[in-house]
Amino acid sequence: MTRPRKPRELAIDGGQPMITKTWPLRNTYGKEEEEAALRVIRSGCLSRFQGSWGADFLGGPEVRAFEEKCAAYFSKKHAITVNSWTSGLTAMMGAIHLEPGDEVITSPWTMCASATSILHWNAIPVFADIDPSTFCIDPGSVRERITEKTRAILAIDIFGQSADMVALREIADAHDLYLLSDCAQAPGAVHHNQFAGTYADIGGYSLNYHKHIHTGEGGILVTDDDDLALRMQMIRNHAEAIVEDANYRDISNMVGFNFRMGEIEAAFGSCQLEKLAGQVARRQEIAQILNDGLGQLPGLAPPFVANGNTHVYYIYGMKLDLNELSKDRAWIYEALTGEGVPGIAQAYVNVHLLPMFQQKIAYGKAGYPWTHPGRESSVDYRKGICPVAEDLNDASYLGLETCVHEMSDEDLDLIVAAFHKVWQYCA
C-alpha cells in the first residue's frame, strides 16, 4: 500500500524555505546609458532650463530630444518631461483650469499622489469604486458620482492595463468633462489598438526606478492639445514669471514650480524608451509562466486581462477566494514570505481611508478645500463607499511585484513551487 507523501514542512513552522537566494534589483542599464551619461557630462550641460520666456524655457537638447521621441513613440502631438510623476499629475491638474471646490472623480485603488494632485489645486477628490476583475476604475461607479461640480475624470491604469477608456470617454463627452489618464504603471500597454494613456485629453507615465522606463525619477505627460501642453510647460517652469513675456492671458493656476528634468535623466530616458518593448515582452513572458504554474491552484485567480487590452504586469495582481481556502490572507502572505517569495504583498491601498480624507484636513486646520466658501463639499469618504476596493484591500488581494527584481525562468519555477508548497496547507 502506497502512503500519501507528507507535505514538506513550511518555513514558518521550522522547515527549510523553498527559496534562499538574495534577489537583485532589476537593472536595465547598460553601455547605452553609460555612454549617454558621459556624453552629457562632457558637454558641460546638466540642465539648460531657465525660468524665463526665451530660448531655454523648454530645456536643453537631451530633454527636447527625449520629448520628441516620446511624442513619436506614443503618437501624440506633445510630450512634456517632468522630474517625477507626482509633478506630472500636479501639472496635469493645474492645466485643466480647476477652480477651488471643483470635483475630480478618481479611483481609491492607487498611489496617494493621484488624489493629492487634485487637492493641490484646492479641488476635491471624489472616489469611484473599481472593477472587480481589472481593479481599474468602474465606469458605472463614475456615472453615479457625477455632480454639477464635477470637472474631470482621472482614470488609473493600475498594475499594467488600461481602464475602460472607451466607456469613460463617452461619459466625459456626455458631461463635458476632461478625461485624464494616470498611466504610471502601464507604459507600452495597448487598449483597443492605441497605447494606454493616449485616449485621454492628457495622459502620462512614471519613470522612477521600479517602472518599465527607468530614469531614477521622472515622468512624461502626453497630449494633442496645444494649450494644455503649453500650460503644463508653464507650470513645470515658474509659470507666474513668464506669462507676461509669453503674452499668455489666461493666468488661472499659473502658479509655477521647478518640475524640470535634468539632461542626464533625459538622456537615460531616450535609451530606456528604446528598451520599452523588450521590457514589456519580458513582463508578459513572466506573467505567462506564472499563469501556467499557478492557474490551477484552487482559490487563487491570476490577473484578468480585459477584452481589447494587453497587460504589461507592473504588478501580477491576484485574487483569493477565501471560501475555497482553509487559511486567511495574512497566513498565506506569511507562509509565502517565509518560503522566500520576493515582492509579495497582501494589500495595496484605499486612498479614501487615509487620515487626510477621513478627517478632511489638508491646508491648515479648518478643513480647506472642503470648506471653501460657496463651494462647501459634503463628499463622503466613509468606509463602505467603495466596497470592491475595500474588500480587495481587507481580505482578497494578493500581489507579486514583477518590475522590481531580476527574475529568470528558473527563479519563476521556484516561485511557483513555493506557492504549491504553501497551497498544500491551505487548499
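Predicted model only: the values in this text are computed from it and were never measured. The first residue in the sequence is number 1, and the count goes up from there.
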His120-Phe257 aromatic ring centre distance below 6.0 Å: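 Aromatic pair counts; centres sit under 6.0 Å.
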Considering residues, nucleotides and ligands other than [X], do more than 12 of their heavy atoms fall under 6.0 Å from its [atom1]?
X      : atom1 : value
Lys21  : NZ    : yes
Gln16  : CD    : no
Asp176 : CG    : no

Relative to each other, are the rings of Tyr313 and His311 parallel, tilted or perpendicular (30° and 60° limits)?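 Taking His311 first and then Tyr313, their aromatic rings lie parallel (interplane angle under 30°).
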Parallel, tilted or perpendicular, as decided by the 30° and 60° cut-offs, for the rings of Trp109 and Tyr397: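 It falls in the perpendicular class, over 60°.
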Under 3.5 Å, is there a donor-acceptor pair linking the side chains of [X] and [Y]?
X      : Y      : value
Asp292 : Gln288 : yes
Asp182 : Ser114 : yes
Tyr363 : Trp370 : no
Gln272 : Thr28  : yes
Gln161 : Asn309 : yes

In Å and rounded to the nearest 0.5 Å, what is the [atom1] to [atom2] distance from [X] to [Y]?
X      : Y      : atom1 : atom2 : result
Tyr199 : Leu179 : OH    : CG    : 11.5 Å
Glu33  : Ile264 : CD    : CD1   : 12.5 Å
Asp131 : Thr134 : CG    : OG1   : 3.5 Å
Glu376 : His372 : CD    : NE2   : 8.0 Å
Glu144 : Thr147 : CD    : OG1   : 13.5 Å
Leu336 : Leu398 : CG    : CG    : 6.5 Å

Would you call [X] and [Y] a side-chain contact if the rule is heavy atoms closer than 4.5 Å?
X      : Y      : answer
Met318 : Phe419 : yes
Arg145 : Thr150 : no
Phe49  : Phe259 : no
Ser107 : Ile158 : no
Cys386 : Pro108 : yes
Val349 : Thr110 : no
Leu25  : Glu406 : no
Cys70  : Tyr205 : no

Does the [X] side chain pair with the main chain of [Y], one donor and one acceptor, at a distance under 3.5 Å?
X      : Y      : value
Asp413 : Glu410 : no
His191 : Met165 : yes
Glu263 : Leu46  : no
Arg231 : Ala95  : yes
Asp129 : Ala389 : yes

Is there a side-chain contact (heavy atoms from CB on, under 4.5 Å) between Lys360 and Tyr381? Walk through the geometry before answering. CA-CA 9 Å; Lys360 293 185 178 178; Tyr381 298 130; 3.8 Å; yes
Can you see which heavy atom on [X] is nearest to which on [Y], and at what distance?
X      : Y      : result
Pro187 : Ile213 : CB-CD1, 4.5 Å
Ile137 : Ala163 : CG2-CB, 4.2 Å
Leu414 : Met18  : O-CG, 3.8 Å
Ile361 : Gly367 : CD1-N, 4.1 Å
Thr310 : Gly188 : OG1-O, 4.5 Å
Ala115 : Phe127 : CB-CZ, 3.9 Å

Against Tyr314, only a single residue in Glu401, His210, His212 fulfils side-chain hydrogen bond (donor to acceptor under 3.5 Å, both in side chains); can you say which?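 Running side-chain hydrogen bond (donor to acceptor under 3.5 Å, both in side chains) over Glu401, His210, His212 with Tyr314 returns exactly one hit, His210.
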Which of these, Asp224, Asp225, Thr198, sits in a side-chain hydrogen bond (donor to acceptor under 3.5 Å, both in side chains) with Lys76?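 Result for side-chain hydrogen bond (donor to acceptor under 3.5 Å, both in side chains) with Lys76: Asp224.
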Determine, step by step, whether Arg282 and Glu285 satisfy the salt bridge (charged side-chain N to carboxylate O under 4.0 Å, His left out) criterion, reporting the C-alpha distance in whole Å, the side-chain angles of both residues, the deciding distance to 0.1 Å, and the verdict. CA-CA 5 Å; Arg282 179 55 186 162; Glu285 289 174 358; 3.0 Å; yes
Kindly determine whether Tyr29 and Phe268 satisfy ring pair (Phe, Tyr, Trp, His ring centres under 6.0 Å), including the steps that lead there. CA-CA 9 Å; Tyr29 279 15; Phe268 287 170; 4.9 Å; yes
Start with the C-alpha distance between Thr90 and Ser87, add both sets of side-chain angles, then the distance that settles side chain to side chain donor-acceptor pair (under 3.5 Å), and finish with yes or no. CA-CA 5 Å; Thr90 302; Ser87 298; over 6 Å; no
Test salt bridge (charged side-chain N to carboxylate O under 4.0 Å, His left out) on Asp394 and Lys383 and set out the steps. CA-CA 11 Å; Asp394 289 347; Lys383 189 165 187 178; 2.8 Å; yes
Salt bridge flag under 4.0 Å for residues Arg375 and Glu103: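 No.
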Tell me whether Glu62 is salt-bridged to Arg48, with the criterion being a basic N under 4.0 Å from an acidic carboxylate O.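 Result for this pair is no, no salt bridge flagged.
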Should Asn27 and Tyr209 be marked as a side chain to side chain donor-acceptor pair (under 3.5 Å) after you check the CA-CA gap, both sets of side-chain angles, and the distance that decides it? CA-CA 9 Å; Asn27 184 359; Tyr209 85 92; over 6 Å; no
Contact list for residues 332-348, test side-chain hydrogen bond (donor to acceptor under 3.5 Å, both in side chains), sequence neighbours left out: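 Non-adjacent pairs meeting side-chain hydrogen bond (donor to acceptor under 3.5 Å, both in side chains): Gln185-Tyr348, Glu339-Lys421.
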Passes side-chain contact (heavy atoms from CB on, under 4.5 Å), Gln358 versus Arg382? Steps please. CA-CA 7 Å; Gln358 289 300 294; Arg382 288 176 298 177; 5.5 Å; no
May I have the step-by-step check of ring pair (Phe, Tyr, Trp, His ring centres under 6.0 Å) for Phe159 and Tyr316, ending in yes or no? CA-CA 7 Å; Phe159 293 174; Tyr316 186 84; over 10 Å; no
With side chain to side chain donor-acceptor pair (under 3.5 Å) as the criterion, how do Glu67 and His78 come out once you've worked through the C-alpha distance, each side chain's angles and the decisive distance to 0.1 Å? CA-CA 8 Å; Glu67 290 178 342; His78 303 280; over 6 Å; no
